[in-house]
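Here's the structure we're looking at; comments come further down.
Counting starts at 1 for both ligands and their atoms, following the listed order. Quick note: residue numbers are just sequence positions, from 1.
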Amino acid sequence: MDFRVERPGGAAQSSSPGNSSVLELTDLKLDYVSENRKTEVLRGLSFRIDLNATSSRGHKIAICGPSGSGKSTLLYILGGLLRPTSGRVRVLGEEIWNWDEARRARFRAASIGFVYQNFHLLPAWSVLDNVMLGADYVAADQVPMLRERAIGLLNRLGLKGLESRTPSQLSGGQAQRVAIARALLMNPQVILADEPTGALDPATAAEIMGIFDEICAEGRTVILITHDEGVANSCEQIIRLRDGVLDRLDEIKSSSVDLDAKLGTVSTADREAAGHISASQMVAKDSAVRTNLFQHLNWRRAFGSSWKLLRRNPSRNLLTLFGVAIGVAAVLSMITIGRFARERILESYDRLGVRSFRLWGYTNWNLPISKPLETYFREFKDEELAALTRLFPDLEYYSPTANFWGAQVSYGGRSVTEDVNMAGVNEHGIRLNEFSVLAGRGISAIDVLERNAVCVIGSGIARELELTHLDFKNHQSEKPLLFVKTGRLNFACRVVGRLAEPKSASSRRGRSGQELILPHSYVRAIRGESPNSNEGDFNNVIFEVRAGADPEKLSKHVEQFFKQKYGAAGDFRASANNRVLEQMQRFLKIFNGLLIGVAFVTLLVGATGVTNMILVSLGERLRELGLRRAVGAEPRDLRAMVIGESMALCGLAGIVGLVSSMLLLHLVLYGVSLAFPDVKFVWTFDILAISMSLISILSVGIGSGLYPALRAEQLDVVAALRAE
Ligand code: ADP
């Protein structure tokens with residue numbers, strides 16, 4: 001956007017001289033409405049003050065009238081800070097109340113400077129910072145130039161060397177000079193002054209009026225409210241108000257003579273030597289200054305004002321921020337602890353030797369007959385399982401299992417007819433099913449390859465068949481030959497080993513000790529490849545995963561693999577092999593959810609604290625917010641400022657929380673590892689936990705600033721400026 005087009009002076013000059021006016025009001029009305037009560041303050045104000053096109057000097061206009069007649073109200077309307085209820089307002093030929101807020105703010109920043117009766121300096125800020133307030137709303141590269149200009153203005157106003165003082169270290173006259181320097185910073189065309197000498201003694205008042213005359217001499221228009229008839233009479237025009245209407249418009253002809261006389265006291269050379277930049281110089285610089293007036297979020301400024309905010313009430317504010325730090329720490333530790341516990345559970349899978357899971361697969365008998373299938377599933381094939389281990393390298397071992405129920409076993413005139421649990425497995429089957437061989441040997445790879453007619457028996461069967469004395473040590477002796485009979489199969493096998501008593505009976509089906517284990521290839525051989533009964537089908541497989549892999553997760557993958565391969569033809573189900581750990585994982589999930597819930601609540605409490613703290617601080621900073629709007633901030637600049645402050649504060653607190661909780665956490669984990677020797681200490685830089693913490697810092701920053709930001713955006717500027 002080209003600001004020169006909008007340059008109010010330019011616009012005024014571009015219109016025909018007869019039309020150009022300093023001020024033009026038509027039936028201006030303003031009502032204050034509060035608690036359903038309407039106060040009519042301005043009640044149809046109309047007048048026009050024309051420019052003297054031939055004069056290079058500005059104009060000095062006084063607004064007079066009894067207290068309560070609406071003078072300040074009028075001034076705020078002219079400055080674009082208070083929207084009139086009705087009527088038209090032209091300032092320097094511009095109908096500023098027809099513009100949007102942004103354009104009005106720009107106009108205010110570039111063309112209007114405010115001076116107040118009580119100076120309205122920010123007490124905690126240095127003199128230079130006070131003068132530089134408007135520089136917050138220009139591009140960063142313009143700031144050094146404005147700083148130079150601010151120092152020049154202070155020098156010129158006789159405040160050399162006082163830049164770093166605070167307002168409380170200044171006299172009234174000095175304070176008002178600082179306020180005037182602030183108003184002049186952006187080289188405005190109009191100065192609006194609300195009783196600028198009202199709080200000063202007569203001598204100081206005269207000095208200040210002298211400065212206003214100089215300002216006028218530079219081509220600026222000064223509109224000031226005054227109760228002092230002497231001051232009023234030094235102006236070219238006096239707008240006299242009474243009860244919200246125009247009482248009289250006085251024109252003082254003689255004033256120009258007085259002013260010209262005074263003007264001689266400060267030569268142009270003096271002013272430039274004192275650092276003053278002439279109006280013509282500033283016009284060129286102005287357009288550059290104003291090209292980037294809308295940086296809504298300035299981090300430097302946000303951190304600066306957050307720092308000031310912190311310093312104002314350190315103990316209270318640090319306590320509040322402590323809440324955020326704790327919240328972020330909670331998020332980080334909860335996630336890290338959750339993940340840490342998960343890893344430890346995986347380790348305990350390893351330690352307990354349960355790195356296994358079981359997969360079941362059956363023909364889907366519930367399929368409608370009308371639906372022909374391309375695939376058919378009856379049982380797991382060995383080639384298929386071997387291929388699976390290549391597809392999922394984390395599957396280390398597997399064994400297919402076929403179960404037979406109700407087999408009868410006899411030897412030497414004795415027989416076992418009840419609860420015999422006959423199974424065909426491969427060379428890993430015994431170990432994977434958590435059996436161990438007490439005497440003799442298990443099923444070997446050779447047995448599987450050669451389809452050897454061998455078997456391993458459980459301790460119960462060994463007892464009933466009186467084979468417990470066998471230690472299988474004598475390789476020469478004949479191995480006992482068992483006769484086995486199931487529903488339709490009759491076969492024999494030689495006993496090559498005996499199983500130990502099972503450690504825990506709970507996890508297995510059937511009566512423990514009644515096992516009869518055979519090579520699966522032998523089972524297939526005696527059963528035939530396509531038996532007409534389903535007994536002896538390889539409907540389940542037990543897998544063992546590599547150390548460190550998650551059996552639970554792999555079981556899901558494998559299940560999914562078969563579901564996809566066979567579709568509706570089969571029913572597949574996989575589950576990790578340990579109930580206790582499964583339960584533990586489930587519990588851990590709930591526990592984790594709870595932890596994160598707690599972290600979330602903590603964060604919410606912290607955020608509420610910050611919201612409150614910023615709201616309180618905004619209440620204390622009403623004056624500052626009002627002044628910011630007066631020097632050209634848009635409502636959304638204030639919104640951005642508050643969000644920026646909130647983010648800076650929460651960011652600061654959050655990072656402190658993040659780092660300290662990380663240290664603390666590792667300290668605790670280290671302590672735990674000392675107390676429990678089987679827990680190994682590892683540095684855990686959990687990317688997920690850290691990024692979740694950063695996300696929560698960001699959201700708390702935005703979240704807690706949001707409401708105060710909206711309040712700042714909707715600020716009643718006039719009320720803020722009038723607030724004590
Ligand atoms: P002056 O500057 O001439 O003393 P003001 O413009 O400050 O007068 O105020 C004009 C009138 O408007 C006063 O009677 C004042 O009480 C009233 N007034 C000012 N602000 C408000 C407000 N926010 N709500 C209601 N009345 C207000």
Side-chain angles (χ1 to χ4, degrees), residues 23 25-47 49 60-89 91 96-97 108 112-120 176 179 183 190-200 205 208-209 212 222-233 235 237-250 618-619 621-627 629-630 635 638 711-724:
L23 288 180
L25 308 187
T26 317
D27 198 22
L28 182 69
K29 289 186 179 158
L30 185 120
D31 305 331
Y32 282 115
V33 181
S34 56
E35 290 160 14
N36 302 327
R37 255 192 52 224
K38 197 167 86 171
T39 320
E40 294 183 1
V41 176
L42 298 181
R43 302 182 295 131
L45 199 54
S46 301
F47 63 82
I49 296 175
K60 203 163 68 157
I61 300 162
I63 303 174
C64 296
S67 186
S69 57
K71 303 182 294 295
S72 307
T73 303
L74 175 62
L75 205 71
Y76 288 125
I77 292 175
L78 299 181
L81 290 174
L82 182 61
R83 180 178 285 283
T85 311
S86 66
R88 291 173 60 182
V89 183
V91 182
I96 58 168
W97 285 105
R108 201 161 49 238
I112 293 184
F114 281 93
V115 177
Y116 312 87
Q117 177 176 2
N118 294 319
F119 328 130
H120 282 2
Q176 194 59 301
V190 180
I191 297 286
L192 298 177
D194 191 349
E195 290 194 55
T197 56
L200 302 174
I208 295 294
M209 285 316 295
F212 278 120
V222 174
I223 301 173
L224 53 88
I225 294 175
T226 184
H227 284 293
D228 183 334
E229 278 300 317
V231 169
N233 283 324
C235 298
Q237 299 268 0
I238 307 173
I239 303 161
R240 294 193 188 275
L241 298 186
R242 181 174 299 277
D243 284 342
V245 290
L246 185 71
D247 187 22
R248 226 167 57 223
L249 202 59
D250 289 342
L618 288 187
R621 290 159 68 197
L622 269 183
R623 167 82 44 86
E624 177 194 328
L625 296 181
L627 285 172
R629 288 290 306 280
L638 296 191
R711 292 277 299 264
E713 190 178 16
Q714 290 156 6
L715 178 82
D716 178 345
V717 185
V718 174
L721 285 172
R722 283 179 168 169
E724 280 315 309

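Listed by atom number, the atoms of ligand 1 under 4.0 Å from Val41 heavy atoms are 10 (C), 11 (C), 12 (O).
More than 12 heavy atoms of other residues, nucleotides or ligands lie within 6.0 Å of CZ in Arg43, so this atom counts as buried by the packing criterion.
When the options Phe119, Tyr116, Phe212 are evaluated for a side chain to side chain contact (heavy atoms under 4.5 Å, CB included) with Pro196, the one that passes is Phe212. For the side chain to side chain contact (heavy atoms under 4.5 Å, CB included) with Leu30, the qualifying choice from Thr39, Leu45, Thr85 is Thr85, the only one to do so. For the side chain to side chain contact (heavy atoms under 4.5 Å, CB included) criterion with Leu74, the lone passing option out of Leu241, Val89, Leu82 is Leu241.
What sits closest to atom 2 (O) of ligand 1 on the protein, heavy atoms only, is Ser72 OG, 2.6 Å. At the top of the distance list for atom 7 (O) of ligand 1, counting protein heavy atoms only, stands Arg722 NH2, 2.6 Å. Of the protein's heavy atoms, Gly68 O, 4.0 Å lies nearest to atom 14 (O) of ligand 1. Counting protein heavy atoms only, atom 6 (O) of ligand 1 is closest to Thr73 OG1, 2.4 Å. Given atom 27 (C) of ligand 1, the protein heavy atom at minimum distance is Tyr32 CD1, 3.1 Å.
A donor-acceptor pair is defined here as one N or O able to donate and one able to accept, closer than 3.5 Å; such a pair exists between the side chain of Arg108 and the backbone of Arg629. Distance alone, capped at 3.5 Å, is enough to place a donor-acceptor pair between the Trp97 side chain and the Ile77 backbone.
There is a protein heavy atom less than 4.0 angstrom from atom 19 (C) of ligand 1. Within the 4.0 Å cut-off (strictly below), no protein heavy atom is located near atom 16 (O) of ligand 1.
Put simply, no part of Arg37 is less than 4.0 Å from ligand 1, judged by heavy atoms. Within the 4.0 Å heavy-atom shell around ligand 1 one finds Gly70. Under a 4.0 angstrom heavy-atom cut-off, Ser67 registers as being in contact with ligand 1.
A salt bridge links Asp247 with Arg242: the closest approach of a Lys/Arg side-chain nitrogen to an acidic carboxylate oxygen falls below 4.0 angstrom.
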Does Ile238 form a side-chain contact (heavy atoms from CB on, under 4.5 Å) with Asn233? I'd like the steps, not just the answer.
CA-CA 8 Å; Ile238 307 173; Asn233 283 324; 3.8 Å; yes
